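Read the structure below first, then the notes.
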Amino acid sequence: MSLQSKHMLGLQHVSDEDIITILNTANAMKDIIKRKIKKVPTLRGRTVVTLFYENSTRTKTSFDLAGKYLSADTVGLSASSSSVQKGESLIDTARTVEAMGADVVVLRHPAAGSSKMLAENINCSVINAGDGVHEHPTQALLDMFTISEHKKDFKGLKVTIVGDILHSRVARSNIWGLTKLGAEVSVVGPATMLPPKMEKMGVKVYTNMEEALAGADVVNVLRIQLERQKQGLFPSLREYSRLYGINQERLALLKDDAIILHPGPMNRGVEIVSRVADSSQAVIEEQVTNGVAVRMALLYLLTGGEKVEDVN
């Protein structure tokens with residue numbers, strides 16, 4: 001693998017070749033998950049520490065499982081149960097963990113740039129599991145892996161991302177990754193939830209759902225963070241659902257073989273109705289499985305794996 005560093009901090013500065021390598025490796029890792037005994041000795045003797053300053057059941061659990069399936073020792077730390085409560089800094093906490101023998105630190109933190117700061121101050125590999133409103137690269141990679149299983153090629157693929165783009169690290173990472181592989185990305189949401197000058201990221205920007213969804217191959221529906229309503233960014237959940245919710249009528253605007261993604265957890269009846277979320281076009285459960293495979297691939301590649309064949 002030709003990753004420029006031993007870290008995964010975001011997709012903005014990762015090459016398209018590296019993204020393809022990760023996706024190909026994830027495909028091999030998914031074969032392991034399908035086995036009756038989901039265990040290989042690939043990372044035996046390695047230690048993976050998940051350091052989460054924000055709650056996230058899906059991401060943390062998938063990293064834990066990814067490490068265990070590769071026979072790594074996994075340790076989970078949360079801000080509420082660590083020395084952070086006693087005033088210890090992020091860097092001091094990470095240095096302590098590194099001194100105990102950690103090979104990889106998986107960090108989720110509310111501050112944008114926290115994973116980069118950590119990578120500059122410790123020697124072990126750092127994986128960004130979400131830093132503020134900056135990036136969430138592993139979520140984007142699992143989204144892309146899921147898309148690749150259903151679509152032959154990213155080039156020319158029409159992908160629409162719906163919702164609170166302004167505050168979404170998932171949207172940013174998806175945009176960086178998808179555009180590098182040649183997809184045509186559009187974003188749509190209330191004007192109050194769209195960053196200024198978004199077009200500079202190489203995407204089309206809409207506030208009208210019908211225009212944004214017309215002929216789309218893939219729709220990625222972002223979770224509405226309910227606290228945004230208190231900030232006055234949209235008038236009510238009912239109004240948001242009426243204007244930007246994915247329902248059966250809007251499903252008809254997409255290509256017949258279009259797929260629906262959602263990073264979870266879903267607010268059913270707000271950003272997506274149950275009949276769409278549970279339809280054959282929704283690949284939300286596949287995303288969960290693929291999240292483990294992608295994170296297995298990253299742990300493998302960042303700790304020195306060179307060939308996909310080595311894991312079989």
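Predicted, not measured: the structure shown is a model, and the values here were computed from it.
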Practice prompt. Decide whether S114 and D131 meet the rule of one side-chain donor and one side-chain acceptor closer than 3.5 Å.
Written response: no
Fill in: Greater than 12 external heavy atoms within 6.0 Å of E199's CD
yes
Worksheet item: Any salt bridge (Lys or Arg N to Asp or Glu O under 4.0 Å) pairs touching residues 231-240, not counting sequence neighbours?
Response: E239-R242
Practice prompt. Would you confirm whether N27, through its side chain, and L23, through its main-chain N or O, come within 3.5 Å as a donor-acceptor pair?
Written response: no
Worksheet item: Just by modelled atom types, is the A212 backbone N or O under 3.5 Å from a matching donor or acceptor in the T160 side chain?
Response: yes
Worksheet item: Under 3.5 Å, is there a donor-acceptor pair between the side chain of N128 and the main chain of M8?
Response: no
Item to complete: Please test L90 against L107 for side-chain contact (heavy atoms from CB on, under 4.5 Å), starting from the C-alpha separation and ending with a verdict.
Response: CA-CA 10 Å; L90 169 61; L107 176 68; 3.8 Å; yes
Discussion item. Is there a side-chain contact (heavy atoms from CB on, under 4.5 Å) between R108 and N55? Walk through the geometry before answering.
Written reply: CA-CA 9 Å; R108 168 162 288 197; N55 293 327; over 6 Å; no
Worksheet item: Do the side chain of Q248 and the main chain of V276 share a donor and acceptor less than 3.5 angstrom apart?
Response: no
Worksheet item: Taking the side chain from H262 and the backbone from G264, do they hold a donor-acceptor pair closer than 3.5 Å?
Response: yes
Worksheet item: Between the side chain of S241 and the main-chain N/O of G269, is any donor-acceptor distance below 3.5 Å?
Response: yes
Worksheet item: Does R46 reach the main-chain N or O of D103 with its side chain, forming a donor-acceptor pair under 3.5 Å?
Response: no
Fill in: Test side-chain hydrogen bond (donor to acceptor under 3.5 Å, both in side chains) applied to S89 and D92, step by step
CA-CA 5 Å; S89 72; D92 285 340; 3.2 Å; yes
Worksheet entry | Closest contact, heavy atoms only, M209 versus I246 | CE-CD1, 3.5 Å
Item to complete: Could you tell me whether D64 and K60 have a side-chain N and a carboxylate O separated by less than 4.0 Å?
Response: yes
Worksheet item: Looking only at heavy atoms, which two atoms of C124 and E98 are closest? And how far apart?
Response: N-OE2, 2.9 Å
Worksheet item: Above 12 or not: heavy atoms from other molecules or residues under 6.0 Å from NZ of K204?
Response: no
Fill in: Donor-acceptor contact present, side-chain S62 to main-chain T59, <3.5 Å
yes
Worksheet entry | For V188 against L194, the heavy-atom pair lying closest together | C-CD2, 4.3 Å
Discussion item. If the condition is salt bridge (charged side-chain N to carboxylate O under 4.0 Å, His left out), which residues does R268 pass it with, not counting sequence neighbours?
Written reply: D278
Item to complete: Applying ring-ring contact (aromatic ring centres under 6.0 Å, His included), name anything that partners H109, two or more places apart in sequence or on another chain.
Response: Y53
Worksheet item: Do the charged groups of E271 and R223 touch, with an N to O distance under 4.0 Å?
Response: no
Practice prompt. Run the numbers on I175 and M198 for side-chain contact (heavy atoms from CB on, under 4.5 Å), then give the verdict.
Written response: CA-CA 11 Å; I175 289 167; M198 192 74 188; 3.3 Å; yes
Item to complete: Report yes or no: does N267 contribute a side-chain atom to a donor-acceptor pair with the main-chain N or O of V270 at less than 3.5 Å?
Response: no
Worksheet item: What is the minimum heavy-atom distance between K38 and Y69, and which atoms define it?
Response: O-CD2, 3.0 Å
Worksheet item: Any salt bridge between K158 and D217, counting N to O under 4.0 Å?
Response: no
Practice prompt. In plain terms, say whether K30 and E149 are close enough for a salt bridge, that is, a side-chain N and a carboxylate O under 4.0 Å apart.
Written response: yes
Worksheet entry | D18 side chain to V14 backbone, donor-acceptor under 3.5 Å | no
Discussion item. E135 vs S173, test: side-chain hydrogen bond (donor to acceptor under 3.5 Å, both in side chains). Steps then yes/no.
Written reply: CA-CA 5 Å; E135 281 212 49; S173 289; 2.6 Å; yes
Discussion item. Hydrophobic clusters here meaning ILVMFWY residues chained together by side-chain heavy-atom distances under 4.5 Å, can you tell me if V288 and F145 are in one?
Written reply: no
Worksheet item: Are side-chain N/O atoms of H136 and R172 paired as donor and acceptor at under 3.5 Å?
Response: no
